[in-house]
A.B. asks: 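Structure in structure tokens, see below.
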Amino acid sequence: MSVEFATCTYQYRRGPVVLDRLSFAFPPGRTVLLGPNGAGKTTLLALAASALKAHSGTVSFAGLDPAVRSQLREYRRQVGWMPQHITPAPGMTCREQVAYAGWLKGMSRREAWDGALAALDRVGLARKADQQASSLSGGQLRRVGVAQTLVHSSRLVLMDEPTAGLDPAQRGTFRKVVEELAGTADVVVSTHQTEDLSEVYDHVVVLSDGVVRFTGTVEEFYALAPQDTASGRVADGAYTAVLGGGEAW
Amino acid sequence: MVMFRLHPRANAAVPAAPVLLCIVVLYVTSDYVAGDLDGYWTAATAKAVSALIFIAPVTAACAAWEAGRLRRAKVGDGTPTRNGWQIAAASLAPVMLLGFLALATALAVVRLQMESAPGWPDVRIIAAACVILCAHVALGYAVGMWLPAVAAVPVVLVGDYLWNVYPPALEPLWLRHLTQPAFGCCSNASAVYPGAVTAPALVAVGLAALAVAAAAVCRRTPRRGSLPGSVPYWGAALAVVAATVTTSAGVRLVDGLGPDAIEARPVSDLVCADPRGTRVCVWPEHASRLTETARTVSTAVERLRRVGVSPPEVVTESGQRPGTGQWTVTVRQDPAFTDQDLVTSLTSDLTVILVNSPHGDGRTHCPADPATAAQRAFDSQDQLGVWLSVRAGRSQQEARDSTDPRIWAPVGRVLGTSAASQETWFQDTLVQARCMPR
């Protein structure tokens, strides 16, 4: 079971067409979504999260179509989304913000309140639970964003640039979170961080100009790298190969 | 506890509560509100609810602030499974609670200022106030969705306050009845005009419809999914129609009403007693003084009968249809309002009844100059009132102390003469009092 796009088209108001009749399905398991800036990664994840609505075509997950009004609630219940920019809710502590996100996803207040502390603990922010969210650093706020997606039990977790601004130790914590999620939910992570792909993810998807250029296992992706690629640069080499060598990160 | 941590702790209603409640208490303890309630719940409810001039703007501003928080947190850009009503309700519930608490506080403080208050607050007025409160909160939320909080809060606070206080300064007078329920209501002898309770509630419903439509078409408003196609526009059009209809209906209800939202109080409310032949009726707020009032009034009626004033069938607090057969009297709960004050009020009203009663006297004896005739008629009426009060049982000492010496002088002289002379003076003075130019 995975999220599927069938001839999906999306265009921002007075902007270019970002996705043009895209048909594609994320593979189940842990998937990393790679692509240059402006490739359409954020749009793709927002469509999958139902934060955006495709102008044409359909998005579906577990037989649910978010464009069908009666299915939207259940769809959103099953899909967790961490947007690229996490905004602190004014006046709320970290725990309140995470709990509020859970409540917005349909949890009872009690469940959300209890679950918020557990979610913050998973991202290493339990000590900051009672601190104002607005006082956190960018990296800490991003971890709050991750906690917001963890607080409710989703079957699909979508994260847009969750590791941007995280230091190596925090990225290690994040990897652990993704590994833990593997048993309970499919995960799609959009990122520019390519180190340790094989340790964290099962699949790689490369998107460029709204087109899926590659989809396969991490091993298949690595295999695309030129033979003479240095051992620490295999992912970069594969990525460059997928994009035809002309596209930068 | 969880409820408190998840929504209200950081809610604007929490810091606003002590300020608003202090303002409300200060307002309802002012003479303007608490001065003339006299145990009458309808008046007390109307006065307490008039605190909406502060409650509505503050709660609406809190709602605007809460909408601003949702905007800044970009909740509208997220993927909630809860619908827009639930999300708004969670943010606005503490604000609504503050509004209801402030209304309840106003009622409680007003109640504390009454000696006794038989019955209950007027539910119609309270219901209208609650509808108005909800509408203003909805309006604040809508404005908060459209404008940044830094602009929305002051705009709502000042705009809402002006909406409440400015109409009473405008003509036509009925405009004020569209924004506040039971404006200017009531003395004990009057009841609230029902249309003036319904009209502001109707206008508020129209406002609420516009607010909901404005919030619905706003892209930033958090909701489960975007509204399909043309629904927001149809909704907005429907809201405009609803607002037009409700406002028109409200105007029809109060069009022609004067400055106060009052009508005559039903005489069926009166509580009566029949001691010694004269039926005495008072409003239920004064029922505890009925026995004392009946005794004093009966004694006064008997004394006045002896000087030639025909006794009435009934002496009542209701001011409807006063005449020689139905005298009026004023009663107060205040213990400082004594038997002497009762007698004075009785004879003061009686004087007017006697002067205005049909009579066979011509006007040939009246001064030809209207100004002189009026002056003499006024003086005669004042003298008559004082004389009647003393003859009805008021002490001469008190009457002299509280009367203009120019008026008291002839009254004091005649009170020292024989009963026959006094009766003649009474009839002559009554004839002079009837010389008022018409």
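Note that the structure is predicted; figures quoted are calculated from it, not measured. So you know, we letter chains A, B, ... as the sequences are listed, proteins then strands, and number each from 1.
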A.B. asks: So how far is it from A:Tyr75 OH to B:Arg224 CZ, rounded to the nearest 0.5 Å?
C.D. replies: 15.5 Å
A.B. asks: Considering all heavy atoms of both residues, which atom of A:Gly91 and which atom of B:Arg9 are nearest to each other, and what is their separation?
C.D. replies: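 Minimum heavy-atom contact is O-NH2, 2.8 Å.
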A.B. asks: How close do B:Val75 and A:Tyr100 get, counting heavy atoms only, and between which atoms?
C.D. replies: CG2-CE2, 4.0 Å
A.B. asks: Looking at side-chain heavy atoms only, is the closest gap between A:Lys105 and B:Pro80 below 4.5 Å?
C.D. replies: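 Sidechains of B:Pro80 and A:Lys105: no contact.
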A.B. asks: How long is the straight-line distance from CG of B:Asp77 back to OG1 of A:Thr87, given to the nearest 0.5 Å?
C.D. replies: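 Reported value, rounded in 0.5 Å steps: 8.0 Å.
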A.B. asks: If you look at every heavy atom in B:Arg72 and A:Pro90, which pair is closest and at what distance?
C.D. replies: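 Distance-wise, the nearest heavy atoms are CZ-CG, 3.7 Å.
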A.B. asks: Rounded to the nearest 0.5 Å, what's the gap from CE on A:Met107 to OG1 on B:Thr81? Could you check?
C.D. replies: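 Output value for this atom pair is 10.5 Å.
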A.B. asks: Can you name the closest pair of heavy atoms from B:Arg69 and A:Met92 and give their distance?
C.D. replies: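 The pair with the smallest heavy-atom distance is NH2-CG, 3.7 Å.
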A.B. asks: Got a second to check how far A:Leu104's CG is from B:Gln86's CD, nearest 0.5 Å?
C.D. replies: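 One finds 10.0 Å between CG of A:Leu104 and CD of B:Gln86.
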A.B. asks: Within a radius of less than 6.0 Å around NE2 of A:His55, do more than 12 heavy atoms belonging to other residues, nucleotides or ligands occur?
C.D. replies: yes
A.B. asks: Looking at every non-hydrogen atom in both residues, tell me the closest pair between B:Gly78 and A:Trp81 and how far apart they are.
C.D. replies: CA-CZ3, 4.3 Å
A.B. asks: Against chain B, label A:Glu111 side chain, backbone, both or neither, depending on which of its atoms sit under 4.5 Å from a heavy atom there.
C.D. replies: neither
A.B. asks: Taking side chain as everything from C-beta outward and backbone as N, CA, C, O, which of these in A:Pro83 sits under 4.5 Å from a heavy atom of chain B? Side chain, backbone, both or neither.
C.D. replies: neither
A.B. asks: Identify which of A:Lys53, A:His152, A:Arg69 forms the greatest number of heavy-atom pairs closer than 4.5 Å to chain B.
C.D. replies: A:Arg69
A.B. asks: Highest number of heavy-atom pairs under 4.5 Å with chain B: which of A:Pro66, A:Gly106, A:Ala49, A:Ala101?
C.D. replies: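 Of A:Pro66, A:Gly106, A:Ala49, A:Ala101, A:Gly106 has the most heavy-atom pairs under 4.5 Å with chain B.
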